[in-house]
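Step one of this worksheet: look at the structure below.
Naming: A, B, ... by sequence-line order, numbering from 1 per chain. Keep in mind that what you see is a predicted model, and the values were worked out from it rather than measured.
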Amino acid sequence: MYALVDAVAFYASAEKVFNPALRTKPVVVLTNNDGCICAVCPIARRLNIPKFQPYFKVKHLLAKHNVVICSSNYELYADLSDKMMNIISRFCDNQYVYSIDESFLHFNGFTPLINDWHQYGQLIRRTVWRETKLPVGVGFGPTPTLAKAANHAAKKLSGFNGVAVIDNEQSRTTILAAMDVGDVWGVGRRLTKKLKLLNINSALDLAQQSPSHIKRLFSVVLARTVDELNGRPTLNWHDVQHNKREVFSTRSFANRLTCPIALKTALVSHAMIVARKLRAQHCVTKRLLLFIASSPHEQHYAKKSLIYELPTPSADSTIFANAVTAIFEQLYQVGVRYYKCGVGALEVSAAQFQQHDLFNQKTDNIKLMSCLDAVNKRYGADTLTLASQQQTNQWHMKRTFLSPHYTTRWHHLPKIACC
DNA sequence: TCTGGGGTCCTAGGACCC
DNA sequence: TCTGGGGTCCTAGGACCC
């Protein structure tokens with residue numbers, strides 16, 4: 001049995017944790033630079049506030065309904081996520097954290113101990129709420145895709161109260177019949193359109209197709225989804241939690257940038273983040289992709305990217321920073337109003353399988369990197385940085401509606417007044 | 001006045017080579 | 001009048017997810 005546990009409008013709910021006055025109000029959270037709406041709490045959803053719309057386009061709508069607007073407070077969300085994931089992990093023997101607010105659970109040894117999945121799901125919800133004040137939804141199913149579908153039902157369909165279980169033919173068909181095909185995991189806008197032309201409208205319609213037919217018309221990936229919807233697992237636990245094959249860090253700037261020093265500083269910071277992410281999944285990369293670009297919404301879109309081949313596969317921040325220095329001149333053009341930049345690791349592989357190169361002594365300084373990671377884990381992500389990250393901070397993002405750092409700054413702690 | 005997210009994976013099409 | 005291969009690598013853009 002699999003489960004998918006995720007938070008309801010996680011970022012918006014996180015804002016309500018330390019500010020209970022918000023709990024009865026409509027709340028939205030904006031993406032970086034206050035660009036788009038990325039989380040809409042249930043109260044705001046009932047007011048038809050759309051997700052992923054540019055903020056400036058829906059400003060009037062938000063004002064009309066007195067919606068509370070928050071900038072993204074990633075430090076807060078990351079901390080609350082850690083706490084939530086920790087609690088959830090107590091309820092299974094296998095947890096895979098799929099995103100900041102979602103985790104898949106797999107029950108092996110636990111299964112014989114659980115006789116009622118509904119009750120068990122409610123226990124998870126109650127415990128997470130009691131210890132974090134975050135609302136979560138829980139879906140159980142015999143495959144990851146069905147657990148996702150059950151989770152969708154738990155949160156979106158009436159009568160489920162936050163927990164849904166697919167454990168027999170009747171529960172499977174009931175839930176899939178009530179689910180739009182576009183809400184199936186892996187079916188996006190484009191596929192939805194094509195499927196609906198074929199009169200495949202619900203998740204159940206898709207499940208009733210023959211996998212080989214779907215494979216011919218679409219792809220092997222969608223054929224697997226059909227199998228999964230029928231309770232035939234095609235993704236095993238190992239597939240669900242595979243390492244990333246590409247790792248990126250990119251950001252748009254608060255204001256357009258023309259200064260080369262600021263751009264280079266931003267790129268070095270992204271290189272550091274990529275290196276840290278790689279080390280966290282015990283991987284290295286052979287090639288780094290660096291890019292800088294103007295805004296795609298402007299008339300003259302200018303994007304330039306270059307690939308830097310590393311002499312040996314690496315996840316060393318200092319080696320990555322040197323790569324940025326080595327090719328920055330080729331990337332930068334005078335006169336472009338830069339909007340975004342980023343660094344990506346391509347051809348990612350497991351660090352343990354690396355061949356050592358006799359002739360290349362420039363290998364990762366593993367001790368130094370472990371020390372860097374340990375210090376930053378203990379004292380906050382940017383405690384130890386490279387000198388080249390410190391030259392300017394003019395590329396940092398705009399967060400007009402930022403809430404206090406309740407969990408990472410002493411002087412932001414909520415105060416309780418006694419009278 | 002101006003403003004439009006970030007991450008990962010996949011694929012089609014072109015360049016290049018033999 | 002019709003006809004000209006196959007493999008690899010690279011890249012940009014798109015699909016999908018949250």
### Task
Measure from the side-chain N and O atoms of Glu228(A) to the backbone N and O of Thr145(A), and report whether any donor-acceptor pair falls under 3.5 Å.
yes

### Query
Base, sugar-phosphate alone, or nothing: which one does Leu191(A) contact when heavy atoms must sit under 4.0 Å apart?
sugar-phosphate

### Message
For Phe91(A) and Tyr120(A), take the angle between the two ring planes, folded into 0 to 90°, and tell me which bin it lands in: parallel under 30, tilted 30 to 60, perpendicular over 60.
### Response
perpendicular

#### Entry: Residue-phosphate contact under 4.0 Å: Ser305(A) side-chain N/O, dT11(C) OP1/OP2
no

### Message
Whether the side chain of Thr250(A) engages the backbone of Cys341(A) through a donor-acceptor N/O pair (distance < 3.5 Å, no angle test) should be reported.
### Response
no

### Query
Which part of the nucleic acid does His242(A) contact within heavy-atom distance under 4.0 Å: base, sugar-phosphate only, or nothing?
sugar-phosphate

### Query
Taking the six-membered ring for Trp, is the centroid-to-centroid distance between Phe104(A) and Trp185(A) below 6.0 Å?
yes

### Query
Over how many whole Å does the gap from Ile273(A) atom CD1 to dT8(B) atom P extend?
12 Å

#### Entry: Near-strand residues of residues 43-60 of chain A, defined as heavy-atom separation under 4.0 angstrom from DNA chain B
Phe52(A), Pro54(A), Phe56(A), Lys57(A)

### Task
Under the salt bridge (charged side-chain N to carboxylate O under 4.0 Å, His left out) rule, what do Glu347(A) and Lys244(A) come out as? Steps first, then yes or no, please.
CA-CA 10 Å; Glu347(A) 286 189 45; Lys244(A) 310 267 184 288; over 6 Å; no

### Message
Strictly below 4.0 Å: does Arg256(A) bring a side-chain N or O up to OP1 or OP2 of dT3(B)?
### Response
yes

### Listed nucleotide nearest any side-chain atom of His297(A), set dG5(B), dC17(C), dT8(B)
dG5(B)

### Query
Which part of the nucleic acid does Val184(A) contact within heavy-atom distance under 4.0 Å: base, sugar-phosphate only, or nothing?
sugar-phosphate

### Query
Which of the following nucleotides, dC16(C), dG6(B), dC17(C), is nearest to the side chain of Arg251(A)?
dG6(B)

### Query
Does the side chain of Thr31(A) get closer than 4.0 angstrom to OP1 or OP2 of dG4(B) through an N or O atom?
no

### Task
Output the distance between atom CD (Glu131(A)) and atom CD1 (Ile88(A)), rounded to the nearest 0.5 Å.
11.0 Å

### Message
I need the NZ-P distance between Lys286(A) and dC10(C), as an integer number of Å.
### Response
10 Å

## Note on the structure
Considering only heavy side-chain atoms of Cys36(A), the closest of dC18(C), dG5(B), dG6(B) is dG5(B)

### Query
Is there a donor-acceptor pair under 3.5 Å between the side chain of Ser72(A) and the backbone N or O of Leu30(A)?
yes

### Query
Do His412(A) side-chain atoms and His405(A) backbone N/O form a donor-acceptor pair below 3.5 Å?
yes

### Task
Quick one: label Ile307(A) by what it contacts on the DNA or RNA (base, sugar-phosphate, nothing), any heavy atom closer than 4.0 Å.
sugar-phosphate

### Nearest-neighbour nucleotide for the Lys244(A) side chain, dC18(C), dC9(B), dC16(C) considered
dC9(B)

### Value in whole Å for how far the P atom of dG4(B) lies from CG of Asn32(A)
12 Å

### Query
Just checking Ser72(A): base, sugar-phosphate only, or nothing, at a heavy-atom cut-off of under 4.0 Å?
nothing

### Message
So Gly344(A), base contact, sugar-phosphate only, or nothing? Heavy-atom distance under 4.0 Å.
### Response
nothing

#### Entry: Where DNA chain C forms stems, i.e. three or more consecutive Watson-Crick or G-U pairs with both distances under 3.5 Å
B:5-18 with C:5-18

## Note on the structure
The answer to which of Ser295(A) and Phe248(A) contacts DNA chain B further toward the 5' end, by nearest nucleotide, is Ser295(A)

### Message
Please classify the nucleic acid contact of Phe291(A) as base, sugar-phosphate, or nothing, using heavy-atom distances under 4.0 Å.
### Response
nothing

### Message
Just to be sure I understand the rule, does Val221(A) reach a base, reach only the sugar-phosphate, or reach nothing, if contact means heavy atoms closer than 4.0 Å?
### Response
nothing

#### Entry: dC18(B) versus dG4(C) - spacing of their C1' atoms, nearest Å
15 Å

### Task
To the nearest Å, give me how far apart OH (Tyr338(A)) and P (dG4(B)) are.
17 Å

### Task
Mind calculating the distance between CZ (Phe253(A)) and P (dG4(B)) to the nearest angstrom?
12 Å

### Task
Starting from P on dC9(B), measure out to CG on Asp239(A) and report it in whole angstrom.
13 Å

### Query
Rounded to whole angstrom units, what separation is found between the CD1 atom of Ile37(A) and the P atom of dC18(C)?
19 Å

### Task
Check whether any side-chain N or O of Ser13(A) sits under 3.5 Å from a backbone N or O of Pro135(A) as a donor-acceptor pair, and report yes or no.
no

### Query
Considering heavy-atom distances to DNA chain B, does Val247(A) or Glu298(A) have its closest nucleotide positioned more toward the 5' end?
Glu298(A)

### Message
Does dG5(B) have OP1 or OP2 under 4.0 Å away from a side-chain N or O of Tyr339(A)?
### Response
yes

### Task
Looking at every strand, decide which applies to Ser249(A) at a 4.0 Å heavy-atom threshold: base, sugar-phosphate, or nothing.
sugar-phosphate

### Query
Under 4.0 angstrom, heavy atoms only, what part of the nucleic acid is Asp34(A) near: base, sugar-phosphate, or nothing?
nothing

### Query
Between dC10(B) atom C1' and Arg245(A) atom CZ, what is the distance in whole Å?
10 Å

### Task
Please say whether more than 12 non-hydrogen atoms of neighbouring residues, nucleotides or ligands are located less than 6.0 Å from CG in Leu346(A).
yes

### Message
Closer than 3.5 angstrom, by distance alone: can the side chain of Thr225(A) be matched with the main-chain N or O of Val221(A) as a donor-acceptor pair?
### Response
yes

### Main-chain N/O of Val274(A) paired to Ser249(A) side chain as donor or acceptor, under 3.5 Å
no

### Query
Between Arg287(A) and Tyr301(A), who's closer to the 5' end of DNA chain C by nearest nucleotide?
Arg287(A)

### Task
Select one nucleotide: of dC18(C), dG7(B), dG5(B), the one nearest the side-chain heavy atoms of Thr250(A).
dG7(B)

